[in-house]
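Remember, predicted model here, so these are calculated numbers, not experimental data.
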Amino acid sequence: MDGLQRRLHIIELLHTQVAPISGTELAKKFCVSRQVIVQDIALLRAENRNILSTNKGYILFQAQSKDRSYREVLFVRHTKEQILDEMSSIVELGGRMLDVSIDHDIYGQIRCDLVINNLEDAKEFVQKAEKSSSKPLCALTEDYHYHTIAAPSQKAMELIKSDLSKKGYLQ
């Protein structure tokens, strides 16, 4: 299979998946190295394919018109130890944490996709963070950061904001 065919198959596969697929999984599936997959993803992105890279793998971004959720960017602050509590507050009220971003004095806005859809995703993220020697992005800004939150309704978003506010996370 040549590179063009492989990239077409990668897009088809991402269209059918709900959960992210790791570069390692894609490499095994197509019998190439992980680096080849990284290059394929870069080429697909250059063709304006909306592929997100998350801590759990690649996922195809679904256009907002298909996603009927209510979205809002929330400004929050909490410690590394409170990450799971924050994520739990959001997903247990029906929300999803789409990304994290900070306003860095030198680099400007830095944004990373998270795609935390449920409690299992939140726990996996925290476990990975605990095992890593890297610090969370918010460590660069004294724990201040932003999250894009998706909720099924405005009422659900208000409940999420209320809970985060009660816990002192919402700024």
Side-chain angles (χ1 to χ4, degrees), residues 10-11 13-23 25-26 38 41-42 44-45 48-104 107-130 132 134-171:
I10 288 171
I11 285 294
L13 185 61
L14 291 174
H15 267 294
T16 64
Q17 298 295 312
V18 176
I21 306 171
S22 73
E25 289 176 66
L26 289 169
V38 170
I41 296 295
L44 289 167
R45 285 178 173 159
N48 293 322
R49 303 293 184 144
N50 290 325
I51 300 172
L52 302 179
S53 177
T54 73
N55 65 320
K56 292 167 58 175
Y58 300 107
I59 191 166
L60 200 59
F61 178 74
Q62 300 300 321
Q64 193 168 355
S65 62
K66 294 179 184 176
D67 184 359
R68 301 256 187 254
S69 63
Y70 182 81
R71 293 176 187 224
E72 196 166 327
V73 176
L74 304 181
F75 184 48
V76 297
R77 184 181 193 200
H78 57 77
T79 65
K80 181 179 179 180
E81 294 75 26
Q82 295 170 316
I83 292 173
L84 183 59
D85 185 54
E86 176 207 32
M87 289 179 170
S88 297
S89 293
I90 293 164
V91 299
E92 288 174 356
L93 291 167
R96 296 179 294 128
M97 183 181 288
L98 305 179
D99 63 24
V100 60
S101 62
I102 61 168
D103 287 328
H104 193 273
Y107 300 110
Q109 186 180 50
I110 301 172
R111 183 186 158 279
C112 299
D113 297 309
L114 291 178
V115 192
I116 305 296
N117 293 321
N118 52 49
L119 194 54
E120 182 181 327
D121 290 346
K123 288 178 180 178
E124 285 178 21
F125 178 87
V126 170
Q127 287 173 349
K128 188 172 185 177
E130 287 172 350
S132 175
S134 297
K135 295 182 191 251
L137 195 57
C138 61
L140 298 174
T141 55
E142 298 178 359
D143 294 326
Y144 289 99
H145 57 288
Y146 299 87
H147 289 296
T148 304
I149 305 299
S153 66
Q154 188 170 358
K155 181 174 173 94
M157 181 64 74
E158 293 306 319
L159 290 171
I160 290 167
K161 288 169 34 180
S162 175
D163 195 45
L164 294 175
S165 183
K166 285 178 192 171
K167 293 180 176 185
Y169 301 153
L170 195 60
Q171 298 300 301

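- Looking at K56 and D121, a side-chain N of the basic residue comes within less than 4.0 Å of a carboxylate O on the acidic one, giving a salt bridge.
- Listed here is the closest heavy atom pair of G94 and P152: O-CD, 3.2 Å.
- Using a 4.5 Å cut-off on side-chain heavy atoms (C-beta onward), I10 and I21 make no contact.
- Judged by distance alone, with hydrogens and angles left aside, the side-chain atoms of S88 form a donor-acceptor pair with the main-chain N or O of L84 at under 3.5 Å.
- The side-chain heavy atoms of R45 and S53, taken from C-beta on, include a pair separated by under 4.5 Å.
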> Can you check side chain to side chain contact (heavy atoms under 4.5 Å, CB included) on V73 and D99, steps first, answer last?
Replying inline: CA-CA 9 Å; V73 176; D99 63 24; over 6 Å; no
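- Within a 6.0 Å sphere centred on NZ of K155, heavy atoms belonging to other residues, nucleotides or ligands number 12 at most.
- The closest side-chain heavy-atom distance from T148 to L114 is not below 4.5 Å.
- One distance of note links CG of L170 with NE2 of H78; it measures 11.0 Å at 0.5 Å rounding.
- For NZ of K167, the number of neighbouring non-hydrogen atoms (other residues, nucleotides, ligands) closer than 6.0 Å is greater than 12.
- To the nearest 0.5 Å, the span separating OH on Y70 from CD1 on I160 amounts to 11.0 Å.
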>> The test is side chain to side chain contact (heavy atoms under 4.5 Å, CB included); show your working for K128 and E124 and say whether it passes.
In response: CA-CA 6 Å; K128 188 172 185 177; E124 285 178 21; over 6 Å; no
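- With salt bridges taken as basic N to acidic carboxylate O contacts below 4.0 Å, one links E158 and K161.
- Using a 4.5 Å heavy-atom threshold, the side chains of L98 and R71 count as touching.
- Using a 4.5 Å heavy-atom cutoff, the side chains of H145 and V76 are in contact.
- By the 4.5 Å heavy-atom criterion applied to side chains, L159 and D163 are not counted as neighbours.
- Rounding to the nearest 0.5 Å gives a distance of 6.5 Å between NE2 of H147 and CE of M87.
- I83 is listed as a side-chain neighbour of P136, based on a closest heavy-atom distance under 4.5 Å.
- With no hydrogens or angles considered, no side-chain donor-acceptor pair links D113 and T54 at under 3.5 Å.
- To the nearest 0.5 Å, atoms CG (L74) and CG (L164) are separated by 6.5 Å.
- Between I102 and C138, the closest heavy-atom pair is CG2-CA, 4.1 Å.
- Counting heavy atoms from C-beta outward, Y58 and V38 have side chains that approach closer than 4.5 Å.
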> Step by step, would you call E142 with R77 a side chain to side chain contact (heavy atoms under 4.5 Å, CB included)?
Replying inline: CA-CA 8 Å; E142 298 178 359; R77 184 181 193 200; 4.1 Å; yes
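- Note that CD1 of I90 is 8.5 Å distant from CE of M157, once rounded to the nearest 0.5 Å.
- Under a cut-off of 6.0 angstrom, the local environment of CD in Q109 is crowded, with over 12 non-hydrogen atoms contributed by other residues, nucleotides or ligands.
- Distance alone, capped at 3.5 Å, places no donor-acceptor pair between the R49 side chain and the I41 backbone.
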> Would I116 and R96 satisfy side chain to side chain contact (heavy atoms under 4.5 Å, CB included), going step by step from the backbone distance to the final call?
Replying inline: CA-CA 6 Å; I116 305 296; R96 296 179 294 128; over 6 Å; no
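- A distance of 8.0 Å separates CG of L52 from CG of L60, quoted to the nearest 0.5 Å.
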